[in-house]
Amino acid sequence: MNFNITLEMVRNTLIVRLEGELDHHTSEMVREKIDKELAKGIVKNLLFNLEHLTFMDSSGLGMLLGRYKKIRQSEGKMSICCLQPSVYKIFELSGIFKILSVFENESEAIEALEVA
Amino acid sequence: MNFNITLEMVRNTLIVRLEGELDHHTSEMVREKIDKELAKGIVKNLLFNLEHLTFMDSSGLGMLLGRYKKIRQSEGKMSICCLQPSVYKIFELSGIFKILSVFENESEAIEALEVA
Amino acid sequence: MGANFMKLQFAAKSENESFARVAVASFISQLDPTLEEINDIKTVVSEAVTNSIIHGYEEDEKGIVTIYVSYDGEMVELTIEDNGKGIEDVESALQPLYTTKPELERSGMGFTIMENLMDDMEVESKIGEGTKVVLRKRFAINNTVN
Amino acid sequence: MGANFMKLQFAAKSENESFARVAVASFISQLDPTLEEINDIKTVVSEAVTNSIIHGYEEDEKGIVTIYVSYDGEMVELTIEDNGKGIEDVESALQPLYTTKPELERSGMGFTIMENLMDDMEVESKIGEGTKVVLRKRFAINNTVN
Ligand SMILES: Nc1ncnc2c1ncn2[C@@H]1O[C@H](COP(=O)(O)OP(=O)(O)O)[C@@H](O)[C@H]1O
Ligand SMILES: Nc1ncnc2c1ncn2[C@@H]1O[C@H](COP(=O)(O)OP(=O)(O)O)[C@@H](O)[C@H]1O
């Protein structure tokens with residue numbers, strides 16, 4: 001399985017970097033890992049860096065939207081950065097850009113998240 | 001199909017560089033290309049550079065042995081160089097090292113071919 | 001390239017989703033598709049196979065998913081089939097954002113994505129018998145060298 | 001990793017040899033094999049599928065090749081089957097360098113390579129009915145993480 005997830009806290013933003021293919025199988029693993037972090041109660045905002053995500057289907061979309069709902073409940077924000085064309089296409093088809101902010105790189109995204 | 005063949009004449013040696021996977025399907029293409037060159041009557045020796053050959057099965061072996069027989073009929077010699085481990089394994093299993101000389105690089109191989 | 005076909009069956013396990021994508025993509029690669037075409041095919045395979053596993057068999061791994069792929073010239077036909085529980089209301093199922101499993105965080109975008117990425121989609125389903133999705137797409141002719 | 005299986009059928013075209021290797025390798029990759037194990041599997045698939053195409057169907061592309069792969073824990077079983085002309089003398093066929101198609105520059109090393117790269121090989125064949133090759137191999141346990 002060529003899939004990898006790494007997590008990093010930058011101040012109160014949890015950065016989730018995904019690598020490989022995000023489908024139903026790998027989405028379940030990502031959901032579990034992130035929710036474990038969120039349960040600790042110290043994460044305010046969530047940033048997904050998808051620079052090395054080569055594939056995503058609607059299961060990945062569902063997982064992202066699920067995390068979005070969760071973080072909103074605790075008054076946090078969520079952003080996404082660094083989309084490859086194939087992933088961009090799925091976001092576009094699904095209309096997710098209407099609710100999620102997308103940035104070119106991590107630092108821009110974090111800056112925007114930290115602005116009240 | 002990720003397969004490629006390039007041919008180069010160095011003095012009277014035809015260097016055949018193969019790239020990708022050599023199976024029944026691609027062996028037929030290689031056989032055709034080489035035999036067309038041999039038909040011109042100017043090739044004395046044959047050198048296969050397999051540096052970028054990532055896969056070979058017994059169909060590839062048959063094609064190589066067929067060219068060996070052909071070049072021997074016209075009193076020429078044939079060598080092979082630059083084997084990857086997976087290709088080396090098939091050569092070893094088949095006992096082909098008993099009849100074919102294998103070299104580390106092209107220049108050593110050509111030198112040996114040109115020694116009467 | 002003439003005509004060609006393959007049929008693939010496998011256990012309804014989520015681990016096999018990735019394998020199914022690779023197998024279909026590798027078969028289709030004989031048509032020398034663009035990277036985008038390959039990705040679209042991988043996506044629709046992933047959507048339909050995941051639906052069979054999650055909705056059709058409700059994650060009972062004893063279920064079997066069948067994929068049939070054929071091409072004739074530049075015309076590709078893809079069928080994904082299960083013998084699972086079937087779809088009660090196909091018309092609703094095809095609507096964007098419609099899902100019967102929101103508790104699993106399904107987005108309800110599967111059929112919408114399949115329909116958008118392919119030229120043509122047909123969904124046949126019978127309660128208690130299973131579901132069959134047929135997808136068709138014409139590939140760019142100028143790709144088909146060889 | 002538990003148990004898993006897949007069954008693959010395709011037209012007896014030489015273009016499909018590469019696809020068959022990729023499909024089986026991708027399925028097997030779930031066991032986290034070493035590069036050498038993957039290559040061995042690709043090689044034996046290539047040998048058996050080529051035999052079905054060349055010897056079984058004598059390059060009649062209407063023929064169908066069937067591959068069945070399963071694993072249970074670290075034990076992998078691979079079956080390659082055709083409904084072609086069958087092998088007259090299986091015992092001779094298994095000998096190194098034995099080939100009935102020297103005019104096609106066959107090396108006669110196919111079965112020898114299959115036998116050497118796997119732990120176990122069985123060949124069943126009936127004239128006019130077809131040939132079935134069953135190959136088994138135990139993969140290194142320490143690979144199977146997840
Ligand atoms: N193979 C199937 N078997 C049974 N029901 C299905 C199948 N595929 C789709 N469905 C039904 O159609 C609905 C919509 O499917 P889809 O658009 O892919 O969204 P999602 O999978 O996110 O729910 C599903 O929620 C399910 O009720
Ligand atoms: N699927 C098959 N159908 C019919 N005959 C076969 C099949 N596989 C192998 N054979 C026979 O067994 C012989 C030996 O096979 P093999 O060791 O693979 O060598 P090769 O393919 O180079 O001839 C073949 O020459 C052929 O006569």
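Letters A, B, ... mirror the listed sequences (proteins, then strands); counts begin at 1.
Within residues 122-133 of chain C, no residue has any heavy atom under 4.5 Å from a heavy atom of chain A. Below 4.5 Å, heavy atoms of chain C meet heavy atoms from R31(A), all part of residues 31-46 of chain A. Residues of residues 110-119 of chain C having a heavy atom under 4.5 Å from any heavy atom of chain A, listed by number: G110(C), I113(C), N116(C), L117(C). Against chain A, the residues from residues 51-64 of chain C that qualify, each with a non-hydrogen atom under 4.5 angstrom away, are I53(C), I54(C), E59(C) in number order.
Not a single donor-acceptor pair under 3.5 Å links the side chain of E15(C) to the backbone N or O of H25(A). Under a 3.5 Å cut-off, the side chain of S58(A) and the backbone N or O of M109(C) do not form any donor-acceptor pair.
Within 6.0 Å of CZ in R72(A) there are 12 or fewer heavy atoms belonging to other residues, nucleotides or ligands. Counting non-hydrogen atoms of other residues, nucleotides and ligands closer than 6.0 Å to CD of E111(A) gives a total of 12 or fewer.
In this structure, no portion of S27(A) lies under 4.5 Å from any heavy atom of chain C. If you measure heavy-atom distances from K69(A) to chain C, you find no contacts under 4.5 Å at all. Of the two parts of D40(C), only the side chain, counted from C-beta on, holds a non-hydrogen atom closer than 4.5 Å to a non-hydrogen atom of chain A.
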Inset, instruction - In sequence, state the C-alpha distance, the side-chain angles, and the governing distance for E105(C) and R67(A), and then conclude on salt bridge (Lys or Arg N to Asp or Glu O under 4.0 Å). - result: CA-CA 10 Å; E105(C) 296 190 342; R67(A) 303 294 75 52; 2.9 Å; yes

Inset, instruction - Evaluate side-chain contact (heavy atoms from CB on, under 4.5 Å) for E21(A) paired with R21(C), printing each intermediate quantity in order. - result: CA-CA 11 Å; E21(A) 310 207 327; R21(C) 290 196 296 273; 2.8 Å; yes

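At a threshold of 4.0 Å, the pair D57(A)-K42(C) does not count as salt-bridged, since none of the basic side-chain nitrogens sits closer than that to a carboxylate oxygen.
Considering CD of E28(A) and CG of L104(C), their distance stands at 7.5 Å, rounded to 0.5 Å. Taken to the nearest 0.5 Å, the CE atom of M63(A) stands 11.5 Å off from the OG atom of S107(C).
Each of S86(A), G60(A), P85(A) has some count of heavy-atom pairs under 4.5 Å with chain C, and the biggest count is that of S86(A). Of the listed residues (T50(C), L97(C), L35(C), V49(C)), the one with the most heavy-atom contacts under 4.5 Å to chain A is T50(C).
Contact record, S46(C) with D23(A): OG-CB, 4.0 Å, taken as the closest heavy-atom pair.
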